[in-house]
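Note sheet for the following structure.
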Amino acid sequence: MSWEVVIGLEVHAQLRTRSKIFSGASTAFGSSPNTQACAVDLGYPGVLPVLNGEAVRMAAMFGLATGCSIARRSVFARKNYFYPDLPKGYQISQYELPIVHGGEVSIRLEDGTEKTIGITRAHLEEDAGKSLHEDFHGLSGIDLNRAGVPLLEIVSEPDMRSAREAVAYLKKIHTLVRYLEICDGNMQEGSFRCDANVSVRPQGQTELGTRAELKNLNSFRFIEKAINLEVERQIDVIEGGGKVVQETRLYDSDKNLTRSMRSKEEANDYRYFPDPDLLPVVLDEDWIEARRAELPELPGAKRERFVKDFGLSDYDADVLTSARETADYFEQVVAGLDDAKLAANWIMGELSGALNRDALDIERSKVDAAAMIGLLARIKDDTISGKIAKEVFEAMWEGEGSADEVIEKRGLRQITDTAAIEAIVDEVIAANPTQLEQYRAGKDKLLGFFVGQVMQRTAGKANPGQVNKLLREKLKG
Amino acid sequence: MPLSSKDVENIAHLARLRFAENEVPAFTDNLSRIIDFVNQLEAAPVGDAPPMAHPLDQPQRLRKDVVTEKDQRAEFQKNAAAIEAGLYLVPRVIE
Amino acid sequence: MHEKSVAALAAGLASGEFSSVELTRHYLDRIERFDGDLNAFITVTAEQALDQAAVADRDRADGKAGPLTGIPIAHKDILCTEGVRTSCGSRMLDNFVSPFDAAVVARLREAGAVSLGKTNMDEFAMGSSNETSYYGLVRNPWDHSRVPGGSSGGSAAAVAARLAPAATGTDTGGSIRQPAALAGITGIKPTYGRVSRYGMIAFASSLDQAGVLAQSAEDAALLLAAMSGFDERDSTSVDRAVPDYAGGLAEDQREKLRGLRFGLPKEFLDDGLEPGVRVALEEAIKVYESLGVEIVPVTLPNLPLSVPTYYVVAPAECSSNLSRYDGVRFGYRCEDPSDLEDLYKRSRSEGFGDEVKRRIMTGTYVLSAGYYDAYYLKAQKVRQLISADFKNAFSEVDMIIGPTTPGPAFEIGAKTDDPITMYLNDIYTIGANLAGLPAMSVPAGFVDGLPAGIQLVGNYFDEQRLLGVAHGYQQVTHWHTQAPAAYGSE
């Protein structure tokens, strides 16, 4: 039997506010345990939540960017359950009336076609703390610094049909929240997390199969692996005559398997009800329109513009717009250079390689946009060749100075003096009579050999165009 | 409809309360009486009255995104029964 | 000194008749002498009180005195007090020392009031008799075999026995007004949102509101003005100017009373109302009529459903509000928990008393899957109807008058076996909480030697008129000046 895979994703994006969603404690990552957990975050007796307006703004920006409706009135509810990382015994979340609902994003499939993935809703809630399982004499330690960090939970429709599609969707959301500057997207630190609801059904069946919820998917690679594993497991279960049970499963990246989370298996009854400490969030038309006006150019529009205005290929435009910072870098370079193709090639080639090698973000690149302009300008004005430019780039990366300084210091200026090049060309022709004879007999390919010889003698500094031209003339005889 | 002691047990678990066996009958009885009492609401002619979660008819005020809290861990943890290395200790959490 | 009102004590302080330290010592002595029997206080902070009094005296010498500077008061132990145990009447918080002051506490201190200590209360404010406190029951100063009412029973007993000139209280379903009525004093619960709930330990968040228990409306006005006002730390606090309540009372109330229309809801005159209280109410109505008030019959048809509505809404909110007491960050923690579930269940079962557990259980049940619509959602809809009833009434009248309680103070133990009979003691007070309206209880006579109170319910944020109406009555009656014989003048 052939199976259809059905996947829906729940993304938890930590919003980049300075303070927490309901308190004035800092959201900075990595502080000493419980030093950023104030009385409100600890659920102290008598304290009350007050909503951070910035979290509301960020949620609305996401909604507007995905064509969702922004609720004129949304309500915070309490989700009640006991867990050590949940100080109040309830999580403040949104249930019946989320702030954002009903939108979509499009993803590009491998065959180049586009597919639309529905966004059911996105709601605001507070993050929980962390349980640390290192051994404290058989006890667990609770750090509540993360408790109260604002989260936007983005729930998709079950529209994805493969792990690849799920990853493409997730990358799209990841790009989007970073464009909007509402989430730093750091999966390692947990500021962008994902749970996947996975089920399978026989091809052609309309009702959904029983789903399992996969948790702890903290990298794009793991997500694809975990979903594929889970799909195989479910098919095995069904084909073996068994039934898939609805449950939460944890992906273990070390062992590369998913396992049932027994502690969460017990039927939950969250007893949601409107939080009486908070009033309805009311947003009016003017406010929403003002947020719409603040929207930055979104990745899709930027990509189209790059293709249209700069003549880039779809592929190049996709890569350059996948992160707002990369696109910004590209645009800065083009503004100072007026050669989009050259800029694109260098950013996607040398620069991207160097950033990967040193695990740097483009904002922390050791060669900034201005320096890149300085380098590429020297290619364009024939001061150096593309090949020499790579050497110059490496030197710039290592901190040896600007392109001009490196060229000067290392004496890499191209030889463009025709007389000088002519002299060397003559020398090379004179030194290789056999090859000359063969060339003249019709072996055109030997031109490359002569060019190589000239370049060797000039340490690569001769202008390749001039060398080619002179050689062609002289070899003819 | 009187509650059974099994009902009481289930509710107690949700509320993370535990009753000794000899307390269960009295609690079950009391709780049944309370539920019977509030069952009066069943007959209330509410029509399409919107639910009222709150006496105030005003929207949520929004706070400026400013860090106002300082580290008071030492002060807060004076009230905790078990701490180590700045962490609150609980019996092992099994996931 | 202790028979004096706050206003008179302030005059004594201002004229130099006595200092705040002397006054504070006088009340501390009375607490020492009488509270062994009454048990109105959980914690007396004598040393701090004298320090605060000394500061008040210095401020006065420096010309920085306000109307409350140097006046001793007591706080219900539901309000957080920095550095002082805040127990909420529960074993759960017996070891809890708050790192901050409640907004109410801070505001009264800033106004110069001196805190004598923390008063006894029903555990987590759940009760109408002050019999559910972990720290033992409180006795009614008028008759030691009777309850003082609850949940602010300690505050009511302390003010009635003149162990404090005034005290703070909180009112979720009548917890200020009912004990005020049973102890023969004046109590006001302002409009929901008038006083910040910050630092007031939550019972039912959409109903809880702090207020004052005092001898008279005039004294209540002084404290209420200092306590009220916007607080950005409470999302449900209302940003609205606070009138000078006490100053407003200086105007001629008789002039203001003339021509007012008071609604008398027929639902307040039900079979449950005991004849003695009915007589007191009728007498009070006559007084108001003699002052030129027109009494108009009104109806609050859904009011009879207020008690069952309340006993869905309040337990639901409380079951969630009290989930934070888990033995981890503060409060009672059981010995040697075997696992996480054991930590939760034993800490909570050993830390909470029976009534609190009943409410948590009720609230958990009405919110649970399959019951939410039938109970919680239904109760919210009925709450809307009850609120609308009041709105309709206020379109015709300026004030609503009725009894505060069905009867006077009952015997200790009389209602502890059946939660429902206890709950029904709040039948006349709960409506104002469900609607969020301001309401007062004013002493209006005696039934067999026990005080009876009448209730006045005002429109939203109409505290000034409410206090004025009570003050006008107190200008021509003497019920509020009566103190139990054993605690009267020296």
Side-chain angles (χ1 to χ4, degrees), chain B residues 3 7-8 10-20 23 26-28 30-31 33-64 68 72 75-83 88-94, chain C residues 95-97 99 192-193 206 232 235-236 238-239 302 305 307-309 311-312 319 323 326-331 333 337-346 348-349 352 357-358 360-362 364-366 368 374-375 377-385 387-388 418-420 423 434-436:
Chain B
L3 297 179
D7 293 331
V8 170
N10 290 340
I11 304 163
H13 177 66
L14 275 179
R16 295 300 184 271
L17 291 171
R18 185 182 287 159
F19 296 103
E23 295 176 295
F27 251 96
T28 307
N30 271 327
L31 210 58
R33 277 200 272 173
I34 295 168
I35 297 303
D36 267 355
F37 176 69
V38 302
N39 275 337
Q40 287 176 63
L41 295 176
E42 220 175 296
V46 292
D48 54 0
M52 175 174 166
H54 216 275
L56 286 181
D57 187 23
Q58 66 176 36
Q60 175 63 34
R61 184 163 28 85
L62 301 179
R63 186 172 58 79
K64 279 213 174 73
T68 53
Q72 293 188 76
E75 182 75 18
F76 290 136
Q77 294 196 337
K78 282 184 200 162
N79 279 311
I83 43 167
Y88 295 94
L89 296 187
V90 297
R92 207 165 175 71
V93 178
I94 306 149
Chain C
N95 59 1
F96 178 69
V97 177
Y192 185 90
S206 78
E232 60 182 16
S235 295
T236 63
V238 176
D239 193 356
N302 294 289
L305 289 172
V307 183
T309 301
Y311 278 94
V312 170
S319 70
S323 291
D326 58 5
V328 178
R329 296 162 318 285
F330 43 75
R333 180 182 179 110
S338 60
D339 57 25
L340 196 57
E341 191 170 307
D342 193 43
L343 169 71
Y344 288 151
K345 290 188 173 173
R346 272 205 293 131
R348 291 167 59 77
S349 297
F352 291 137
K357 288 182 210 169
R358 266 195 288 278
I360 292 175
M361 293 285 286
T362 307
T364 303
Y365 180 75
V366 300
S368 63
Y375 292 110
L377 199 62
K378 189 72 182 270
Q380 282 202 327
K381 291 178 180 174
V382 179
R383 186 177 184 182
Q384 187 76 254
L385 299 183
S387 183
D418 181 10
I420 306 300
Y423 296 172
L434 290 171

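We use all heavy atoms of the structure for the numbers below, so side chains are in, but hydrogens, waters and symmetry mates are not. Bear in mind the structure is a predicted one, so any value in this text is a computation, not a measurement. Letters A, B, ... are given to chains in the order of the sequence lines, protein chains preceding strands, and every chain is numbered from 1.
Heavy atoms of B:F37 lying under 4.5 Å from chain C belong to its backbone as well as its side chain. In this structure, the portions of C:A379 lying under 4.5 Å from any heavy atom of chain B include both its backbone and its side chain. Using a 4.5 Å cut-off between heavy atoms, C:T236 contacts chain B through both its backbone and its side chain. Contacts of C:L385 with chain B are made by side-chain atoms alone, with heavy-atom separations under 4.5 Å and no backbone atom involved. The parts of C:D342 that come within reach of chain B are both its backbone and its side chain, each placing non-hydrogen atoms under 4.5 angstrom from that chain. Interface remark: C:S319 contributes no atoms to any contact with chain B (heavy atom separation under 4.5 Å). Both the backbone and the side chain of C:L305 come within contact range of chain B, with heavy atoms under 4.5 Å apart. Only the side chain of B:L31 comes within less than 4.5 Å of a heavy atom of chain C; its backbone N, CA, C and O stay farther away. Heavy atoms of B:R61 lying under 4.5 Å from chain C belong exclusively to its side chain.
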Under the side chain to side chain contact (heavy atoms under 4.5 Å, CB included) criterion, do C:Y423 and B:I34 qualify, and how do the steps go?
CA-CA 10 Å; C:Y423 296 172; B:I34 295 168; 3.7 Å; yes
Show the numbers, then the answer: is there a side chain to side chain contact (heavy atoms under 4.5 Å, CB included) between C:R346 and B:R18?
CA-CA 7 Å; C:R346 272 205 293 131; B:R18 185 182 287 159; 3.6 Å; yes
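For the pair C:K378 (side chain) and B:E42 (backbone), a donor-acceptor distance under 3.5 Å is present.
When C:D239, C:L377, C:V366, C:V307 are compared by the number of non-hydrogen pairs under 4.5 Å with chain B, C:V307 comes out ahead. The candidate with the highest count of non-hydrogen atom pairs below 4.5 Å against chain C, out of B:A44, B:A80, B:P50, is B:P50. Chain B forms more heavy-atom pairs under 4.5 Å with one residue of C:R333, C:E232, C:R383 than with any other, namely C:R383. The residue among C:F330, C:Y192, C:Y344 with the most heavy atom pairs within less than 4.5 Å of chain B is C:Y192. In terms of heavy-atom pairs under 4.5 Å with chain C, the best-connected choice from B:A81, B:A53, B:P45 is B:A53. Contact tally against chain C (heavy-atom pairs below 4.5 Å) for B:G47, B:A12, B:A20, B:A26: the top residue is B:A12.
Closest of all the heavy-atom pairs between B:Q58 and C:S235 is NE2-O, 4.3 Å. Nearest heavy-atom pair across B:N79 and C:N95 is OD1-O, 3.7 Å. Pairing each heavy atom of C:A435 with each of B:P55, the nearest pair is O-CB, 3.7 Å.
Here the CZ atom belonging to C:R358 is positioned 4.5 Å from the CG atom belonging to B:N30, to the nearest 0.5 angstrom. Within the model, atoms OG1 of C:T364 and CG of B:L17 stand 7.5 Å from one another, a figure rounded to the nearest 0.5 Å. Within the model, atoms CE of B:M52 and CD of C:Q380 stand 9.0 Å from one another, a figure rounded to the nearest 0.5 Å.
Residues passing the salt bridge (Lys or Arg N to Asp or Glu O under 4.0 Å) test with B:E75, sequence neighbours excluded: B:K78. The salt bridge (Lys or Arg N to Asp or Glu O under 4.0 Å) test applied to C:R329 returns C:D326, not counting sequence neighbours.
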